[in-house]
Structure formats: C-alpha cells, structure tokens
Amino acid sequence: MDSPEPKQVQAETSSSAWSRLLKRCELESANEGRNSNADLDPIPVSKRTWRTHNFVMYWISDNFSPSGFRNAASLMEVGMSWRDSLLCITFAQLICAGVICLNGVFGSTYHVNFSIQSRASFGYYLSYLMIIMRMIVGIFWYGIQSYTGAECVRSILYALWPSFRNVSNTMAANANIDTQMMTAYVIYFVIILPVHFVSMKNLRYLFTIKAITTPIIGFAIMGWTVAKCNSSELWAQTSTLKGSALGWAFMSGMYANIGTWSTLAVNVPDFTRYAKSNGSAYITLFVLPATGCLVSFFGVVVAQGSRILYNEILWDPLLFIDRWTSKGGRAAAFFCAFFFLISQIGVNIAANSVSAANDLNCLFPKYINIRRGQIIVAFIGSWALTPWNILTGAPAFLSFMSGYSVWLGPLVGVLLSDFYFVHKKKYNVWEMYDKHGIYRYNKYGFNWRAFIAFFIGWVPLLPGFIPTVNDSVTVSAGVTHLYNLGYFYGVGAACLSYYVICRFWPAQETYVETAVYPDSDIVIDAVDEDGSEEYGREQIIADPNEKKSF
C-alpha cells in the first residue's frame, strides 16, 4: 500500500494542530445546543448585584471625565454663550436619559444583553448585522479614549518629572506621535490591561471610587479658577450668534452631544441586566442630566478662566492643569491627572470595552467570553487602529464616526417599538437562544419589518451626513437642518414605521400570551469559574409539564 504523500501528511498534521488549538480554546461553559456560554446566558439571581446606588455611581462616573469637561466648552468655541451651551447640554442629556432608561428596562426585566435582545426584533441572523455595526463603533472609540487616557498619564509625568517636557523626540516625523506621548500611551495600556479581568459584578466598585473622586477634582479646579479670575469677566461671555443661526447651532450642538450617548442607548441592557430590581434603572432619568449639566459647568469655568489667565481657550482640562508648573501647582496637577486617569479607565471599560466584548461573545460564544473579548478589543483598539494616526490625519473619518447616531438612532427606535408597542414587553427569553425558535421569523432569520423600519429611519438623513465627511459636497440648508434633527427623526421614524408595519403584517408566531423570564422553572446543572450557578441545558419554557432541549 502506498504511503501518504508528504504534502498530504503535512496538511493533515496542520489541520490536527489547528483542531487541538481550537479545542483548548473552547470555553467550559459553552453550550452548543443554544449557541451560548455563561456570559451570554441570562444573568442568574446570584449575580444580579447592581442596586440603585450602583447605577447612580455608574452614571456619575461616566459623565465626570475629561470628555465631559469638553462638551460645553466646545460649543462656546462655535459662538454660543456659556448659558446657551449649558442649556444645550442639559436638553441633550434629558433626551438621552429618557431613551437609555426606556431601553434599560429590557435588561433589568429579562437579564440579557443587547446582542440577545436584538434577535427578538430583527430576527436571529439579521441581528448579527446590528451587532457587528455596534462592535466596530465600540472598538474604534476604545482606541480614541485610550489616547485620552494616555494624555492623563502624560500630565502625571509632567507633574512628577518636569524634565519629561524636554524629552527629545525619537519617533519618525510622519509617525503622528512623539516620544513623550508614546511613552504615556504604553504606560496607560499597561495600567488598564489588568482592569479588563475584573468581573462585571465587581466593576461597580470602580465606578463608586471614580464617582467620589472625580467630582472633588472638578470642584477643586473650578474653585481655583474662580479664585484666580475676576468674577465679572468670568461670566461676561455672550453669544456671537443671533436668531436662526443660534437656533440651528443649538440643534447641531444638541445632536452632537446626543451622538456621544447613542451607543449606550443601544447597549444599556449590557449593564442593566445585572440589576437586582427592575426599578433600579429608572434613576437614570435624574442622575444622567444632573451630572452632565454639572460637569459641563466645570468645563465652562475652565474654558472662560483659561481665556482670562492664558489668553486662549483651553477646552481640555488636561491642557489647563499642564500650565500649573510651580511646585505646589505640580502637586495639584498630579492629583487631578491621577483621578482623571481613573475616570478615563472607567469610561473606556464601561462605554467601549464591555460593549464590544459582549458583541464578540455573541459572534463566537464557543471561544470568547466577556473577559477574552475585552482583551481582544484592547489590543485591536489600542494598537491595530493606531488612534494617533486617526486623530491627526483623518478628520473626515472622525466626523463619520461622530455621526454614527444616524444608524444607532433607528436601531434603538426599532428595539423600543418592538418591546413596548408590538410585543408589549412579553417575550419568551429562551426562544431568543434557539436559532430555529419563534424569533427566527423565517427560514433566513430575517425580520423584514425591522429592516424596512431601520431603512426608513436613516436613509433620509444620509444627504445631510455626507458633507460632514466630504467638504466638496454641498447640500441645501433644509437637508442640513434635517440632519441636525437626525436623532429625533431616526428614533421616531423607525419606532412609528415598525409599529405600523407590524400592525398590518404581524409576525403572529412571535407573540406569547405570558412572558417567560429566565427565572421561570430553571434547571441548574453547572457552576462557573467563580462558583456561581449557570443555567442548564434544559429549560422549562411555557408549559411546566413540557420541556424543550436546546
């Protein structure tokens, strides 16, 4: 009998090696029957540890960051007064708080994340398109926020070693980053990497620390600025815009600030699914706008104070504290930058890392859980995307990403319409894990009703969006104004059109008489790595006497 050819043997060996590697990477909690794992399953009762005060701390920590300081100050640069800027921020935060709160109820009710939630509305396979779209946004912003975190580290190094300001640049001229910033960037990455290993139920402690320390820093910076400046000058700035120009600048600023929260409006179930009680998520309605207005007020004071003290508007608080070069000033700058660093780590973990990791978890549940997903996101976002090149050389791409609410608005509109108006908050949570279940909608796993509503929500906004990434394209003022109203239109149009379509062409197979929650007659057959229970492979779904295996 002839022996195998060398190439055939080599191919079989390589295939065998790859198979062994994949086998070693498989998660112990992976459940092939329902294509899930412990992190993708509904959250068991023992892990629902987030109480109302934890959500209060979470939203305080998300708002109190260097980015929060910049919001109102950036609006002042386009000609709005500090009063108009604060009012604009407050309205934007109120709107975001309403949408986030409404969508968060799904997570605190069914204790699953956005990735699973989207299946009930879009269909089992169409949901993957929505998941990938949000994942890309999350990874991108992880890199951008990492660069801001590195700026915090650089300010710390400036405060500790003044000679660091004079370090010569050894990077290439076209690198778009100097030696100082690259050093700070590497240090930031080393600091944040271990934080990705903190479990979701324990992240609330990070948010608590951040929520206590960062407001103290904000008040300290504001107090110092007020003490150094003439109060009459500090509040003298007025708007340079009048009439309709001011009105549309106000709408544009509000739309831009809503855009920064539109991702969390979609993926807020990633966090509210850890809620101990369903009412905990409602605190968002009060905390988010209150803290957003306060931190924006700090930013206004810093921007106005820098104009008086340094003859230029420093809308970034890190640039402001870098001017403190005396011995006492450097000590104050160190503590401010240090707590800003903690703040930035919390923002990057909460808003970007966990969200994108949940998406990867859903795409590859056999091999990726939240922890592994966060590590992948960290390396891709921080190094593969090279955010310093994006920030320096691609303003059009940044404008494109800033306008991603064009798509995320209609997405959340469909989710809200399906939850509140179409299915009236009645789902069978276990059917969301069954690729042949009722939320498949058809043999293609494609809910055409959601697709049409999503399409209606973003297509009319596209003409107004294009000029933001291509200066050579001009459109009428009406088109631009519609784009500035884009989030209202996107959410509203998608929500209404989805409801109307489902009213006339309902997917009857997806309606259930009684909601089936994850706690309905659970069979526990395993424990995860920290000793908490996992849901079993066999769940009782509707009839207590009828079992369905996944």
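Worth knowing before you read on, the calculation uses all heavy atoms, side chains too, and leaves out hydrogens, waters and symmetry mates.
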Around atom [atom1] of [X], are there more than 12 heavy atoms from other residues, nucleotides or ligands closer than 6.0 Å?
{"X": "Tyr511", "atom1": "OH", "value": "yes"}
{"X": "Phe91", "atom1": "CZ", "value": "no"}
{"X": "Phe451", "atom1": "CZ", "value": "no"}

Side-chain donor or acceptor of [X] paired with backbone N/O of [Y] under 3.5 Å:
{"X": "Ser108", "Y": "Val105", "value": "yes"}
{"X": "Tyr433", "Y": "Leu40", "value": "yes"}
{"X": "Asn54", "Y": "Arg51", "value": "yes"}
{"X": "Asp270", "Y": "Phe114", "value": "yes"}
{"X": "Asn257", "Y": "Gly253", "value": "yes"}

State, yes or no, whether a side-chain contact exists between [X] and [Y] at a heavy-atom distance under 4.5 Å.
{"X": "Met80", "Y": "Leu87", "value": "no"}
{"X": "Ile375", "Y": "Leu193", "value": "yes"}
{"X": "Ser262", "Y": "Trp407", "value": "no"}
{"X": "Leu411", "Y": "Phe454", "value": "yes"}

**Prompt:** Looking at Phe55 versus Phe271, is the centre-to-centre ring distance below 6.0 Å?
**Reply:** no
**Asked** If every non-hydrogen atom of Gln93 is compared with every non-hydrogen atom of Leu288, which pair is closest and at what distance?
**Response** OE1-O, 2.8 Å
**Request:** Under the ring-ring contact (aromatic ring centres under 6.0 Å, His included) rule, what do Tyr255 and Tyr483 come out as? Steps first, then yes or no, please.
**Result:** CA-CA 9 Å; Tyr255 177 64; Tyr483 175 71; 5.1 Å; yes
**Request:** Hey, could you give me the CG/CZ distance between Asp519 and Arg48, rounded to the nearest 0.5 Å?
**Result:**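 Asp519 atom CG to Arg48 atom CZ measures 4.0 Å (nearest 0.5 Å).
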**Request:** Report the C-alpha separation of Asp41 and Arg34 in whole Å, then their side-chain angles, then the decisive distance to 0.1 Å, and conclude whether the salt bridge (Lys or Arg N to Asp or Glu O under 4.0 Å) test is met.
**Result:** CA-CA 9 Å; Asp41 279 344; Arg34 61 173 178 267; 2.8 Å; yes
**Request:** Show the numbers, then the answer: is there a ring-ring contact (aromatic ring centres under 6.0 Å, His included) between Tyr58 and Phe207?
**Result:** CA-CA 5 Å; Tyr58 174 79; Phe207 300 139; 5.0 Å; yes
